[in-house]
Amino acid sequence: MNSKNSKFYTKQLHYPLFLDIADKSCIVMGGGKIAERKVVMLLRFNAKVKLISPKITGALTKLSKSGKIEVIGREYKEGDLDGASLVFAATNRKEINERIKKEAAIKGILVNVVDDPGLCDFIVPSIVKKDPIVIAISSSGVLPSLSKRLKKEINKYITGDYIKYAHIIGKFRKLLIETVKDRKKREEIMAAINKTDMKELINMNMKEIITRFLKETR
């Protein structure tokens with residue numbers, strides 16, 4: 001790869017970061033299908049969603065009537081971003097998106113402007129979410145179709161066994177942190193867990209796991 005191409009790819013890289021948006025205000029500007037997808041994903045992560053648009057899709061109308069989102073039926077105006085943690089601009093009008101970006105920058109709020117990477121503070125990756133397991137996939141904007149393909153492949157790979165394992169061993173790890181104060185000992189116990197076959201572990205109850213990995217190490 002020559003230096004010119006190397007600079008291109010380096011510039012496109014985004015630092016992966018998982019944000020806690022539960023009960024935090026997230027604003028979506030726009031009421032079309034793209035805005036709808038943003039709203040649905042935000043709700044999956046328990047965000048408080050406010051949508052601002054003079055027109056909205058039928059699905060967004062249903063979400064509004066059920067009380068799952070707040071809808072303000074008008075165009076964006078300055079001050080709409082007050083108190084927001086994240087903003088998504090999907091208005092289909094470049095001049096409005098630019099005004100949203102400007103207000104967000106002044107107020108230090110992260111903004112994603114649909115189909116305009118130059119105005120984005122962050123991009124939204126393809127996401128695989130299965131209960132506590134969340135996997136984000138990005139091609140750094142180089143090939144979005146690859147991200148979608150990888151999402152399908154990974155989605156098939158994360159079976160119910162992984163979800164059950166995450167719940168069981170996650171619960172055990174919490175107990176471990178509460179009862180074993182020696183960090184090195186905790187690391188040794190978790191190392192033993194990691195070396196154990198997953199199917200064997202998910203067929204054990206919590207009492208059996210505690211007896212095998214916690215009581216025996218004391």
Side-chain angles (χ1 to χ4, degrees), residues 1 5-26 37-38 40-49 85-86 88 108 110 112 120-218:
M1 183 182 295
N5 286 337
S6 179
K7 288 180 180 178
F8 169 77
Y9 283 105
T10 301
K11 186 177 181 181
Q12 296 297 314
L13 291 177
H14 292 81
Y15 180 73
L17 184 68
F18 285 80
L19 297 175
D20 176 9
I21 60 171
D23 297 321
K24 292 182 173 64
S25 175
C26 295
R37 291 199 296 270
K38 302 297 183 187
V40 170
M41 184 55 71
L42 288 169
L43 290 176
R44 290 186 69 190
F45 291 89
N46 302 317
K48 293 176 63 177
V49 180
S85 295
L86 289 179
F88 294 82
L110 295 177
N112 173 271
C120 291
D121 294 315
F122 66 96
I123 60 172
V124 180
S126 291
I127 296 172
V128 174
K129 185 180 187 300
K130 291 194 173 183
D131 218 352
I133 301 170
V134 181
I135 300 172
I137 309 154
S138 173
S139 63
S140 300
V142 175
L143 190 61
S145 61
L146 175 60
S147 297
K148 293 178 181 178
R149 181 172 182 175
L150 288 170
K151 176 182 177 179
K152 289 181 180 179
E153 293 298 319
I154 293 172
N155 193 60
K156 290 187 291 184
Y157 184 76
I158 306 300
T159 63
D161 284 353
Y162 283 100
I163 297 169
K164 188 175 181 181
Y165 177 86
H167 280 296
I168 292 173
I169 302 306
K171 185 177 179 181
F172 174 78
R173 178 176 176 270
K174 182 179 179 181
L175 176 67
L176 187 65
I177 292 171
E178 292 172 349
T179 57
V180 179
K181 302 306 178 184
D182 188 330
R183 181 176 178 178
K184 185 177 180 181
K185 178 61 68 176
R186 293 201 304 267
E187 290 175 349
E188 290 174 355
I189 294 171
M190 287 308 299
I193 288 277
N194 292 335
K195 291 177 182 177
T196 306
D197 182 74
M198 181 174 71
K199 287 192 177 294
E200 180 181 355
L201 287 168
I202 64 176
N203 287 314
M204 297 170 66
N205 59 42
M206 186 55 61
K207 184 177 180 180
E208 291 171 331
I209 294 173
I210 290 171
T211 299
R212 177 169 172 180
F213 295 99
L214 188 54
K215 290 185 178 178
E216 290 183 359
T217 59
R218 289 178 173 177

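The analysis underlying the following values was restricted to heavy atoms, covering all of them including side chains, and did not include hydrogens, waters or symmetry mates.
Within the structure, the side-chain hydrogen bond (donor to acceptor under 3.5 Å, both in side chains) test picks out the following pairs touching residues 163-174 (sequence neighbours left out): Asp131-His167. Sorted by first and then second residue, the salt bridge (charged side-chain N to carboxylate O under 4.0 Å, His left out) pairs involving residues 149-160 (not counting sequence neighbours) are Glu153-Lys156. Judged as a salt bridge (charged side-chain N to carboxylate O under 4.0 Å, His left out), the pairs with a partner in residues 196-205 (not counting sequence neighbours) are, in order, Asp161-Lys199, Glu200-Arg212.
Residues passing the salt bridge (charged side-chain N to carboxylate O under 4.0 Å, His left out) test with Glu178: none are found, sequence neighbours excluded. For Glu208, the salt bridge (charged side-chain N to carboxylate O under 4.0 Å, His left out) criterion is met by no residue, not counting sequence neighbours. Applying the side-chain hydrogen bond (donor to acceptor under 3.5 Å, both in side chains) criterion to Asn203, with sequence neighbours excluded, gives no partner residue. Every residue was checked against the salt bridge (charged side-chain N to carboxylate O under 4.0 Å, His left out) condition with Lys184, not counting sequence neighbours, and none meets it. Residues forming a side chain to side chain contact (heavy atoms under 4.5 Å, CB included) with Glu187 (at least two apart in sequence, or on another chain): Arg183. For the side chain to side chain contact (heavy atoms under 4.5 Å, CB included) test, residues two or more places apart in sequence or in another chain that qualify with Ser147 are Ser126, Ile137, Ser139. Residues meeting the side chain to side chain contact (heavy atoms under 4.5 Å, CB included) test with Lys181, sequence neighbours left out: none. In this structure, the side chain to side chain contact (heavy atoms under 4.5 Å, CB included) partners of Cys120, at least two apart in sequence or on a different chain, are Asn112, Val113. Scored by the ring-ring contact (aromatic ring centres under 6.0 Å, His included) test, Phe45 finds no partners at all (sequence neighbours excluded).
Judged purely by atom type and a 3.5 angstrom limit, Asn155 has no side-chain atom pairing as donor or acceptor with the backbone of Tyr157. Under the 3.5 Å distance criterion, the side-chain polar atoms of Arg186 are left unmatched by any main-chain donor or acceptor of Leu176.
A 4.5 Å side-chain heavy-atom check between Leu17 and Phe122 finds every atom pair outside the cut-off. Here the side chains of Ile168 and Leu201 are not in contact, with every heavy-atom distance at 4.5 Å or above.
Taking all atoms of both residues into account, the shortest heavy-atom contact from Val180 to Lys185 is CG1-CG, 3.8 Å. Nearest approach of Thr179 to Leu175, heavy atoms of both residues: OG1-O, 2.8 Å. Taking both residues in full, the closest heavy atoms of Pro125 and Ile123 are given as CD-O, 3.6 Å, listed atom of the first, atom of the second, then distance.
Here the CG atom belonging to Asp20 is positioned 9.0 Å from the CG atom belonging to Asn46, to the nearest 0.5 angstrom. One distance of note links CG of Asn194 with CD1 of Ile189; it measures 12.0 Å at 0.5 Å rounding. For the atom pair NZ (Lys130) and OH (Tyr162), the distance works out to 11.0 Å, reported to the nearest 0.5 Å. Ile154 CD1 to Ile133 CD1: the interatomic distance, rounded to the nearest 0.5 Å, is 12.0 Å. A distance of 4.5 Å separates CD1 of Ile21 from SG of Cys26, quoted to the nearest 0.5 Å. Note: Ile209 CD1 to Ile169 CD1 = 4.5 Å, rounded to the nearest 0.5 Å.
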Q: For side-chain contact (heavy atoms from CB on, under 4.5 Å), just list the numbers for Ile135 and Lys129, CA-CA rounded to whole Å, side-chain angles, deciding distance to a tenth of an Å, and then say yes or no.
A: CA-CA 6 Å; Ile135 300 172; Lys129 185 180 187 300; over 6 Å; no
Q.
As a quick check of understanding, evaluate side-chain contact (heavy atoms from CB on, under 4.5 Å) for Ile193 and Phe172, giving each step before the final call.
A. CA-CA 10 Å; Ile193 288 277; Phe172 174 78; 4.2 Å; yes
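No more than 12 heavy-atom neighbours from other residues, nucleotides or ligands sit within 6.0 angstrom of NZ on Lys148.
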